[in-house]
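Atoms within each ligand, like the ligands themselves, are counted from 1 in listed order.
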Amino acid sequence: MPIEPACTPPRRVDARERPGTPHDAWPLYDRAATRTIEQAALASRPAHQLMARAGLAVARLALSLAEPGCTFWVVAGPGNNGGDGLVAATWLHRWGQPVRVSLCVRRGRLPEDAAWALRRAEEAGVPITELEPRLTSARIAAACPALPQGAWIIDALLGLGLGQGLGRTPAPRDDSCTDTLTALIHHLQHLRRTRDCQVLAVDLPSGLDADTGRPGYREGSTPEQAPLAVVADHTLSLLTLKPGLCTGEGPHHAGQLWWHGLGVVPAPDRTDRDDPTAAPETGDTCRRPAARSRPTAPAAGADTAPPAAGSASPMDCAPLPRAWRIPAPRWSPRQAHRHKGSYGDVLVLGGAEGMGGAALLAADAALQAGGGRVWIGRPEGHGDGCTTDHRPVDPPPLPQPLPPELMQTSMHQLCSAERLARSTVVCGCGGGTALHRWLAEVLRHAHRLVLDADALNAVAADEALRHLLHARAQRSTGPTRWPTLLTPHPLEAARLLGTDTATVQADRVASACQLARSCSAVVLLKGSGTVVATPDGTAWINPRGSARLATPGSGDVLAGWIGGTWSACGDAAAAQLWAAPPDTDEKRPGSTGPQPGHARHPAEDPTLAVAAACAWLHGRAGESPPLGMPLRAGELARAMAALSGQQLPSAGPLD
Ligand SMILES: NC(=O)C1=CN([C@@H]2O[C@H](COP(=O)(O)OP(=O)(O)OC[C@H]3O[C@@H](n4cnc5c(N)ncnc54)[C@H](O)[C@@H]3O)[C@@H](O)[C@H]2O)[C@@H](O)CC1
Ligand SMILES: Nc1ncnc2c1ncn2[C@@H]1O[C@H](COP(=O)(O)OP(=O)(O)O)[C@@H](O)[C@H]1O
Ligand SMILES: [K+]
């Protein structure tokens, strides 16, 4: 057995949910960037080292997650992803675990690394079945091992190679195993449902697009047939974390996310860089993880010494990440001497006739987020808010009494230039078409502006309003900023982009960046794995949230919460939601945090900071128990307040 390199345990990606610093943010590398990093690492390392590390990491994670004595079934595909699975199977077998391998390609077709892994597995005596090509779903069960209840399936069918001869590319390089792959993916899902099997995906759930989070493995050849991807309980992402695991359908397919940098890519806290002084472990002494002992994060403060000479890794000249994963924001207590004027005025404009609840939800959230004084302004049903002789009219009645802490006044009063210019404005929630006529004034004068729902639809439909949106960005170049945040859901984003929802969802990161650029505003594209993007093309993905948030009004709560937080923080303090601790050396070489000039991080941009922090908190509140129960948007703001502890960044607009 050849010498194995040392292998640190995989990391649970969300294990370190402590208040965020830019350096806690996980970079998300797309397929092209990962390939570049992989190629650089392969060129500078002994043959097979990366695959050996990958397979060992998979085996360690599988064993630490599984019940003692459980059976493992490794399904190995035609590429190097299959090679990782074969190495994992070898280790599990050597550690005395019951393990079976089904190989879905003829051995002669395996790439070099995977062929090496197959030879090793055979030498170790791992039971391996070579599946026939062109196996159909009807025949797959008979060709695969009969698994006991609760067995673990290691999905090593496809990783980054999807799309290279597969999926969206019409002509697969080797289509002899296409049927077998399709049948295996179906069979895996069937066993997961009917035999309580757990699935651990290697690198990516097979068939998932690493860049977009879309199932990309096309079943058969006709476009009508739905794309396929494995739904896993756990995914161990190798080398890099990929954006497709974090947004769109990715989180559903990935399950619990784990990561291993293979000694090439350091963790955000920079503890996973190759340690040249580490003694290699031999095949015989490689640590066997205790069953059910969870992989642990290294102790705080580890790796604080400067990098040793010669320890430069391919990451030092790595391509830029495609996006970043939003870490937990930092909330701090209110200062004792503050008063309500310290926290600014929030104007919630919306809640037209029949949709008053949306404005109420947003205003209540703004208040609970810490906004100083919160007003609701509601446009008249017919769109003018005044009588023919220009006398203001009362807005239509609200669906329920106004909570005593909120104030309501006419749109005319709230939309004065002077009032707008000293307020944070949340515009759109249930505003209907009646809101349209107020938008020009709002865009011209509102100081900080959140545009949601009907305000976005109005901007999408009106070229003149778009010009005003751009004009705000031009004004923001001076010391006084006129920042704008757009909070579309995918359909609203599609209207703004002049496309359809499917196109937006096909690449959420690209869509959010394109919209931010075309509107010269920060964009928060809602949905699973909310993307916050800036006009310069930096994207942050929110890892928190669940489908419980897909409930009427939860977007209004988010918009209102953003308004309240932004008002209370002011621009100066918003960055503190992401401030690095005082002892952090921002300039440290090898840092994986976004660097000035490379990518904008929330601490540099108050609009981005507030949007990212609020999206995180909103998502986190949507995960609160009782998880099986439907969530009502009315309860969301209270849950968010409880989570943030009603704490705010300590500096504010008066500092
Ligand atoms: N080379 C190495 O040493 C390393 C490889 N790694 C692993 O390697 C993976 C990437 O490996 P690959 O680039 O080989 O890609 P994959 O292992 O994802 O496999 C894709 C290959 O399968 C074939 N294929 C897929 N579907 C097919 C179909 N329907 N019909 C016919 N052929 C089909 C394609 O032709 C392609 O060559 C990563 O995801 C990761 O798991 C990493 O562990 C890092 C180290
Ligand atoms: N499946 C999901 N996973 C995570 N978050 C979700 C999911 N579905 C919806 N959300 C979140 O719920 C909110 C819904 O907002 P929106 O679509 O504007 O609804 P509404 O108009 O009813 O308020 C957004 O913040 C969105 O990100
Ligand atoms: K896989």
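Taking every non-hydrogen atom of G159 and a distance limit under 4.0 Å, the qualifying atoms of ligand 1 come out as 16 (P), 18 (O), 39 (O). Residue L42 approaches ligand 1 through these ligand atoms, each under 4.0 Å from one of its heavy atoms: 3 (O).
Remark: ligand 2 and L558 share no N or O pair separated by less than 3.5 Å (distance only, no angle test). Distances between N or O atoms of H489 and those of ligand 2 include no value under 3.5 Å.
If you check each of G527, P490, A633 against atom 27 (O) of ligand 2, the one with the closest non-hydrogen atom is G527. Of the candidates G555, G248, P251, it is G555 that places a heavy atom closest to atom 23 (O) of ligand 2. Which of G79, G77, A47 comes nearest to atom 19 (O) of ligand 1 through a heavy atom is settled by distance: it is G79. Comparing C614, S546, A615 by heavy-atom distance to atom 5 (N) of ligand 2, the nearest is S546. For the residues G161, S206, A54, C104, the heavy atom positioned nearest atom 15 (O) of ligand 1 is part of G161.
What you find for L103 and G77 is that their closest heavy atoms are CD1-O, 4.2 Å. In terms of heavy atoms, T180 sits closest to L135 at OG1-N, 3.1 Å.
Here the heavy atom of the protein found nearest to atom 24 (C) of ligand 2 is K526 CD, 3.4 Å. The closest protein non-hydrogen atom to atom 14 (C) of ligand 2 is S554 OG, 3.1 Å. Among all non-hydrogen protein atoms, the one lying nearest atom 8 (N) of ligand 2 is A550 CB, 3.5 Å. Nearest protein heavy-atom neighbour of atom 11 (C) of ligand 2: L549 CB, 3.6 Å. If you check which protein heavy atom lies closest to atom 1 (N) of ligand 2, you get A547 CA, 3.4 Å. Here the heavy atom of the protein found nearest to atom 25 (O) of ligand 2 is H618 CE1, 3.2 Å. For atom 22 (O) of ligand 2, the closest non-hydrogen atom on the protein side is G553 N, 2.8 Å.
Checking L157 against the K ion (ligand 3), every N/O/S atom stays at or beyond the 3.4 Å cut-off.
Heavy-atom distances between L239 and ligand 1 stay at or above 4.0 Å for every pair. Taking 4.0 Å as the cut-off, A453 does not count as a neighbour of ligand 2 on heavy-atom distance. The closest approach between any non-hydrogen atom of R35 and ligand 1 is below 4.0 Å. Using 4.0 Å as the threshold, T551 has a heavy atom nearer than that to some atom of ligand 2.
Between R35 and E38, at least one side-chain N (NZ, or NE/NH1/NH2) sits under 4.0 Å from a carboxylate O, which counts as a salt bridge.
Around the CD atom of Q39, the shell of radius 6.0 Å holds more than 12 heavy atoms that belong to other residues, nucleotides or ligands.
In this structure, O of L204 and OD1 of N81 enclose an angle of 140° at the K ion (ligand 3), rounded to 10°.
The aromatic rings of H187 and W73 sit perpendicular, their planes meeting at an angle over 60°, well past the 30° parallel limit.
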